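Read through the structure below, which is laid out as structure tokens, and then see the notes.
Chain naming here is simple, since letters A, B, ... match the order of the sequence lines and numbering starts at 1 in each. Everything numeric here is computed off the predicted structure, so don't read it as measured data.
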Amino acid sequence: MAKLASLGTPSLSLDLSLQSGQAFHWVREGEGWIGAIGGQAVYLEQRAGELWVNSEGAAAARDYLALDHPLEAVHASFPQDPTMQEALRFCAGMRILRQPAWEAVATFITSSMKQVAHIAQISHTLRRLYGERMEWGGREVFAYPKPEVLAVLEEADLRACALGYRAKNLLASARLVARGEVDLEVVRALPDDAAREELCRLPGVGEKVANCALLFGFERLQAFPVDVWIERVLRERYFQKKRKVTSARIRSFCATYFGPYGGYAQQYLFHHARLTWGKK
DNA sequence: CTCCAGGTTCCGG
DNA sequence: CCGGAACATGGA
């Protein structure tokens with residue numbers, strides 16, 4: 001095994017951050033994880049709080065793991081209600097990863113009506129077939145395929161990756177991005193609402209996927225994706241049962257109640273609900 | 001077998 | 001603005 005560099009002992013749970021349905025390609029490797037950060041093969045490991053990374057991946061890892069996010073302030077900003085505080089205890093140390101924009105947009109286009117395990121399967125298939133191949137410690141690692149690469153495929157190629165009806169959307173979106181008709185660097189410079197609107201021009205990107213992309217790929221930490229799990233939590237814990245709750249009502253509630261780090265709050269609620277709902 | 005999954009889009013009230 | 005239905009695939 002090649003030499004590792006220490007990134008110190010940041011306030012971080014590496015496992016939670018890599019295994020909470022934000023990114024879908026990290027693979028267990030011994031005591032740690034192996035995967036790609038953009039075009040860099042990276043090995044990560046956390047032992048007794050100390051974070052280790054292959055030296056070539058150190059800079060990328062520091063950025064990707066968002067070690068500069070003020071995690072204590074994020075935690076302190078959450079509302080004090082019991083549901084939120086329970087999720088916080090369950091997820092403390094989880095960070096919102098700073099992922100490449102296209103990777104976030106594309107993987108969440110493929111996520112609709114799919115379980116996390118299957119999103120991961122799709123991600124691995126796409127990477128292996130169409131992503132840049134790298135290597136670390138004798139292990140193959142694949143980058144997420146660039147839009148220009150996907151853009152020249154046929155729909156059947158993507159259907160063969162088990163994308164189902166999402167194949168058409170991923171292909172069309174890749175073509176729009178590759179042609180520059182939707183420019184993700186322009187999106188990055190827009191304020192949240194305008195950025196969301198621009199992302200929704202991509203086929204297969206509605207409000208939920210756009211919010212995932214904003215949160216995971218554009219560092220908009222207030223973006224609050226509402227999926228089936230979050231909606232379940234909200235209806236059970238934040239709204240009176242028996243009352244009809246419209247999506248518009250949910251949207252306006254989430255936009256303010258969870259505060260400036262609403263995206264973090266959402267991710268903690270999501271992960272906690274998904275792993276504990278209906279158990280014990 | 002049935003049910004459901006980090007939804008989007010289109011269509012009729 | 002709202003609720004329904006179609007859309008693919010595989011894990012539970």
### Task
Give a yes or no on whether Val74(A) and Leu221(A) share a hydrophobic cluster (residues Ile, Leu, Val, Met, Phe, Trp, Tyr; joining criterion: side-chain heavy atoms under 4.5 Å apart).
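Yes; tracing contacts between hydrophobic side chains, which count when under 4.5 Å, links both residues.
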Please report, rounded to the nearest Å, how far the [atom2] atom of [N] is from the [atom1] atom of [X].
{"X": "Trp229(A)", "N": "dG7(B)", "atom1": "CH2", "atom2": "C1'", "value": "16 Å"}
{"X": "Gln121(A)", "N": "dG10(C)", "atom1": "CD", "atom2": "P", "value": "7 Å"}
{"X": "Ile250(A)", "N": "dC2(C)", "atom1": "CD1", "atom2": "P", "value": "10 Å"}
{"X": "Gln115(A)", "N": "dG7(B)", "atom1": "CD", "atom2": "P", "value": "11 Å"}
{"X": "Tyr165(A)", "N": "dT8(B)", "atom1": "OH", "atom2": "P", "value": "9 Å"}
{"X": "Phe108(A)", "N": "dT8(B)", "atom1": "CZ", "atom2": "P", "value": "11 Å"}
{"X": "Arg232(A)", "N": "dC3(B)", "atom1": "CZ", "atom2": "C1'", "value": "12 Å"}
{"X": "Lys244(A)", "N": "dG3(C)", "atom1": "NZ", "atom2": "P", "value": "8 Å"}

By the 4.0 Å heavy-atom rule, please label [X] as base, sugar-phosphate, or nothing.
{"X": "Ala248(A)", "value": "sugar-phosphate"}
{"X": "Glu231(A)", "value": "nothing"}
{"X": "Gly21(A)", "value": "base"}
{"X": "Val205(A)", "value": "sugar-phosphate"}
{"X": "Ser20(A)", "value": "base"}
{"X": "Arg249(A)", "value": "nothing"}

### Message
Does dC1(C) have its OP1 or OP2 closer than 4.0 Å to a side-chain nitrogen or oxygen of Arg251(A)?
### Response
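False: Arg251(A) side-chain N/O out of range (4.0 Å or more) of dC1(C) OP1/OP2.
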### Query
Counting only side-chain N and O atoms of Thr246(A), is one of them less than 4.0 Å from OP1 or OP2 of dC2(C)?
yes
### Query
Side chain of Lys114(A), base of dT9(C): donor and acceptor closer than 3.5 Å?
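Answer is yes: a donor-acceptor pair is held.
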### Message
Whether the side chain of Arg159(A) and the base of dA8(C) hold a donor-acceptor pair under 3.5 Å is what I'd like checked.
### Response
no
### Query
Quick check: does any side chain N or O of His25(A) sit under 3.5 Å from a backbone N or O of Ala36(A), one acting as donor and the other as acceptor?
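Present.
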### Message
Taking the ring centre of each residue, are Trp26(A) and Tyr64(A) less than 6.0 Å apart?
### Response
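They qualify: ring centres under 6.0 Å apart.
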### Query
Between the side chains of Tyr264(A) and His69(A), does any donor sit under 3.5 Å from an acceptor?
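Tyr264(A) vs His69(A): donor-acceptor pair found between side chains.
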### Query
How are the rings of Phe258(A) and Phe224(A) set relative to one another: parallel (under 30°), tilted (30 to 60°) or perpendicular (over 60°)?
parallel
